[in-house]
Chemist: 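Next up is a structure, given as structure tokens.
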Amino acid sequence: MSKLHLITYGCQMNEYDSERVAGLLRGQRYELTDRPDDADLILLNTCSIREKCEDKVFSQLGLLKHLKRARPDLIIGVMGCMAQLQQGKIQERAPYVDLVFGSPAIARVGELVARVKAGRRPVLETGEGPLVKITARPETVDRLKAFVTVMEGCEKHCTFCVVPTTRGRERSHAPDTIVEEIRGLAAAGCKEVTLLGQTVNAYGRDLTPATDLAALLEQVNDIEGVERIRFTTSNPYNLTSRLIRAIRDVPKVVEHLHLPLQSGSDRVLERMNRGYTRGRYLEQIAEIRETVPDIALSTDLIVGFPGETDEDFAETVHMVEAVGYDNVFVFRYSRRPGTAAAVMEDQVPDDVKANRNSTLLEVAGRVAAGRSRRLEGRVMPVLVDGTSRKNPREATGRTRCNRVVNFDTEGRDLLGCVVPVCITQALPHSLRGELAHRGAVTRLPALVPA
Ligand code: SAM
């Protein structure tokens with residue numbers, strides 16, 4: 001067997017793509033190694049969403065240059081979003097890279113590697129390709145939880161975002177193909193699936209006949225073995241009452257919604273081309289909370305978008321408090337080549353972005369801590385997915401609302417079980433708990449809905 005070392009940057013979709021690549025290359029007799037110096041093939045699966053992500057890849061390539069010099073037979077490849085967006089720059093700054101390919105070419109990775117071996121010339125493959133569902137997975141990945149891409153691409157054209165350029169137009173996989181993939185995962189022991197799409201709640205509108213995410217959730221709900229269904233990322237523009245009701249009514253769909261707001265200012269939202277206002281977003285939140293009172297909400301926010309004033313930023317801070325998010329991801333605006341916002345004149349200085357970033361993190365942390373404290377004293381079903389890093393006597397798992405919980409297993413192996421845990425303490429990044437219903441411990445896995 002030859003050895004493959006894979007380095008993945010960026011989003012869950014990249015993690016999913018990396019698993020497919022490892023699975024496909026296994027068919028070409030490549031097995032995974034953790035050690036770059038042991039590898040015959042090193043692939044970097046890259047992200048272009050912010051400049052910082054690209055900088056990390058270039059510095060990694062700088063380190064790999066020495067390995068390549070010592071072992072000229074080593075094949076180095078760059079795949080994913082940077083391959084699509086920055087192929088020229090990659091060739092210029094790292095001419096020792098043998099292979100550059102975008103996500104549409106993943107299905108042909110075996111053939112591309114063979115071409116490099118045969119010709120020892122750089123192979124470039126960065127155009128659009130047909131939509132292919134690849135289900136290959138390496139044996140080493142997490143069996144309990146899996147990502148499943150249900151659609152590729154994005155057609156939203158938010159003015160800050162490169163995704164439409166890097167991942168192409170929006171295309172949904174057929175429901176049958178997705179269901180078949182998840183059946184296979186469930187048969188191999190998977191309990192929780194996360195359905196992925198750049199705008200996952202636009203799922204199915206491009207199919208004939210058209211369908212939607214709510215219908216897909218019902219189909220996935222029927223798959224035996226799957227206990228929890230998550231989905232991300234939703235866009236407020238495409239959020240429907242039907243989907244909100246599905247979160248309430250489809251039993252395995254968890255009470256957690258990631259709904260990127262990006263900014264709390266209508267002026268900024270318009271310049272971002274997001275297609276909704278803060279008022280509309282708040283109406284949606286009210287409907288969600290009324291329909292699913294226990295739901296946990298998380299969001300993405302960008303600080304320092306071109307033209308963002310102190311007043312605009314104050315409106316974003318206010319929205320974090322008004323919505324009451326359980327988790328907030330804050331990003332400093334990064335100029336991305338080819339996007340409309342990159343050429344807007346009123347770019348915000350870095351120090352202002354940095355200040356807004358820390359202010360927002362501080363407010364979001366305080367709001368999230370308040371939300372966590374409300375969980376103290378409650379008994380919640382926890383899907384156990386590992387051992388606590390700090391204490392091997394403790395298990396770690398997640399609530400349906402996506403909170404990490406650590407608790408003493410009292411010596412039992414509960415991996416893969418859903419157990420009732422009483423939340424005893426809310427910490428900044430996790431919850432502490434203790435097993436509930438101790439008397440009935442042998443029946444624990446069956447005690448609560450997942
Ligand atoms: N497609 C999703 C959407 O539009 O809501 C999210 C995709 S992106 C992988 C994740 C987050 O990165 C976005 O929600 C946004 O907050 C952030 N992001 C995207 N482009 C950015 C940029 N140019 N600068 C800073 N943050 C950015």
Side-chain angles (χ1 to χ4, degrees), residues 8-17 45-56 80-82 84-86 103 147 149-172 194-203 213 231-239 243 257-265 268-269 271-276 281 284 297-308 313 316 319-320 325 327-344 347-348 350 352-354 356-357 360-361 364:
T8 306
Y9 300 87
C11 63
Q12 294 124 323
M13 216 170 254
N14 273 10
E15 283 182 45
Y16 177 84
D17 287 348
N45 190 2
T46 59
C47 172
S48 276
I49 203 85
R50 286 172 295 279
E51 196 177 353
K52 216 164 117 188
C53 310
E54 295 190 351
D55 292 345
K56 280 190 204 161
C81 294
M82 254 178 93
Q84 293 288 112
L85 194 72
Q86 301 285 18
S103 49
F147 295 127
T149 293
V150 301
M151 61 194 298
E152 311 274 350
C154 182
E155 283 170 21
K156 281 281 177 287
H157 297 286
C158 301
T159 54
F160 52 81
C161 191
V162 282
V163 170
T165 316
T166 58
R167 287 202 170 255
R169 67 200 160 79
E170 198 175 278
R171 288 169 302 166
S172 302
T194 303
L195 310 183
L196 300 178
Q198 293 297 338
T199 309
V200 73
N201 55 334
Y203 172 78
L213 183 62
F231 57 89
T232 198
T233 299
S234 298
N235 190 305
Y237 182 82
N238 297 84
L239 187 65
L243 181 62
L257 182 65
H258 184 66
L259 196 62
L261 168 66
Q262 310 298 2
S263 169
S265 151
V268 175
L269 285 172
R271 282 163 63 93
M272 287 178 163
N273 192 32
R274 289 290 288 177
Y276 54 86
Y281 188 95
Q284 290 179 332
L297 294 167
S298 55
T299 200
D300 293 341
L301 295 168
I302 296 178
V303 292
F305 183 81
E308 184 190 64
F313 175 65
T316 301
M319 279 296 270
V320 170
Y325 292 108
N327 200 5
V328 175
F329 299 88
V330 183
F331 303 102
R332 298 176 205 197
Y333 169 71
S334 168
R335 278 171 108 156
R336 301 290 55 221
T339 59
V343 289
M344 289 180 182
Q347 299 289 324
V348 173
D350 284 348
V352 176
K353 286 183 198 170
R356 290 180 185 167
N357 185 60
L360 202 50
L361 284 176

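All ligand and atom numbering here is 1-based and tracks the order in the structure. This chain uses plain numbering: 1 for the first residue, then up along the sequence. Hydrogens, waters and symmetry mates play no part in the numbers below; they use all other heavy atoms, side chains included.
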Chemist: Is it the case that T233 and H258 place a side-chain donor and acceptor less than 3.5 Å from each other?
Modeler: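 No pair is found: no donor N or O on one side chain lies under 3.5 Å from an acceptor on the other.
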Chemist: Taking the side chain as every heavy atom from C-beta outward, state whether V320 and L301 have any atom pair closer than 4.5 Å.
Modeler: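 Yes, their side chains come closer than 4.5 Å.
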Chemist: Nearest to atom 6 (C) of ligand 1, what protein heavy atom do you find, and at what distance?
Modeler: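 Protein heavy atom at minimum distance: T233 CG2, 4.2 Å.
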Chemist: Backbone, side chain, both or neither: what part of R332 comes under 4.0 angstrom of ligand 1, heavy atoms only?
Modeler: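 Just the backbone.
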Chemist: Answer yes or no: is there a side-chain heavy-atom contact under 4.5 Å between P164 and K156?
Modeler: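 Result no, sub-4.5 Å side-chain heavy-atom pair not found.
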Chemist: Mark the output for R335 as yes if a heavy-atom distance to ligand 1 is under 4.0 Å, and as no if none is.
Modeler: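 No, R335 has no heavy atoms under 4.0 Å from ligand 1.
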Chemist: Could you state the interatomic distance from CE (M344) to CZ (F160), rounded to the nearest 0.5 Å?
Modeler: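 Here the interatomic distance stands at 10.5 Å.
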Chemist: Any atoms of ligand 1 less than 4.0 Å from a non-hydrogen atom of Q262? List them with their elements.
Modeler: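 Selected atoms, number and element: 5 (O), 13 (C), 14 (O), 15 (C), 16 (O).
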Chemist: Where is the nearest protein heavy atom to atom 24 (N) of ligand 1: which residue, which atom, and how far?
Modeler: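 Ranking protein heavy atoms by distance from atom 24 (N) of ligand 1, first comes S334 N, 3.0 Å.
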Chemist: Just to be sure I read this right, does ligand 1 sit under 4.0 Å from the backbone of R50, its side chain, both, or neither, counting only heavy atoms?
Modeler: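 The part of R50 near ligand 1 is the side chain, not the backbone.
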Chemist: Heavy-atom distance under 4.5 Å between the side chains of E308 and K353, does that happen here?
Modeler: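 Side chain of E308 against side chain of K353, heavy atoms only: no contact under 4.5 Å found.
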Chemist: Which residue owns the protein heavy atom closest to atom 14 (O) of ligand 1, what's the atom, and how far is it?
Modeler: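 I find the closest protein heavy atom is D300 OD2, 2.6 Å.
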Chemist: Does some side-chain heavy atom of E152 sit less than 4.5 Å from a side-chain heavy atom of R169?
Modeler: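 Answer no - side chains too far apart.
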Chemist: Does ligand 1 have an atom under 4.0 Å from some heavy atom of I49?
Modeler: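 It does; at least one heavy atom falls under 4.0 Å.
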Chemist: Can you check whether S334 reaches K52 side chain to side chain, under 4.5 Å on heavy atoms?
Modeler: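 Sidechains of K52 and S334: no contact.
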Chemist: Give a yes/no on ligand 1: does I302 have at least one heavy atom closer than 4.0 angstrom to it?
Modeler: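 Contact present.
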Chemist: Counting the benzene-type ring for Trp, do Y237 and Y276 have ring centres under 6.0 Å apart?
Modeler: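 Between Y237 and Y276, the centre distance exceeds or equals 6.0 Å.
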Chemist: To check your reading of the model: name the closest protein heavy atom to atom 3 (C) of ligand 1, its residue, and the distance in Å.
Modeler: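 Minimum-distance protein heavy atom for atom 3 (C) of ligand 1 reads R274 NH1, 3.9 Å.
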Chemist: How far is atom 2 (C) of ligand 1 from its nearest protein heavy atom, and which residue and atom name does that atom have?
Modeler: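 The closest one turns out to be Q198 O, 3.5 Å.
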Chemist: Should the heavy atoms of other residues, nucleotides or ligands under 6.0 Å from CD of E51 be counted, would the total exceed 12?
Modeler: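 Open: at most 12 neighbouring heavy atoms sit under 6.0 Å from CD of E51.
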Chemist: Report the part of F331 in contact with ligand 1, treating N, CA, C, O as backbone and CB onward as side chain, heavy atoms under 4.0 Å; options are side chain, backbone, both, neither.
Modeler: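 The side chain, only.
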Chemist: Would you give the length of the straight line joining atom OG1 of T8 to atom CG of N14, rounded to the nearest 0.5 angstrom?
Modeler: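 Between atom OG1 of T8 and atom CG of N14 there are 7.0 Å.
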Chemist: Could you tell me which atoms of ligand 1, counted from 1 in the order shown, lie closer than 4.0 angstrom to a heavy atom of R336?
Modeler: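 Those qualifying, in numeric order: 23 (N).
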Chemist: Which ligand 1 atoms are under 4.0 Å away from a heavy-atom of P260?
Modeler: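 Near P260, meaning under 4.0 Å from one of its heavy atoms, ligand 1 has 5 (O).
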Chemist: Just to confirm my output: which protein heavy-atom neighbour is closest to atom 20 (N) of ligand 1, and how far is it?
Modeler: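 Protein heavy atom with the smallest distance to atom 20 (N) of ligand 1: F160 CD1, 3.3 Å.
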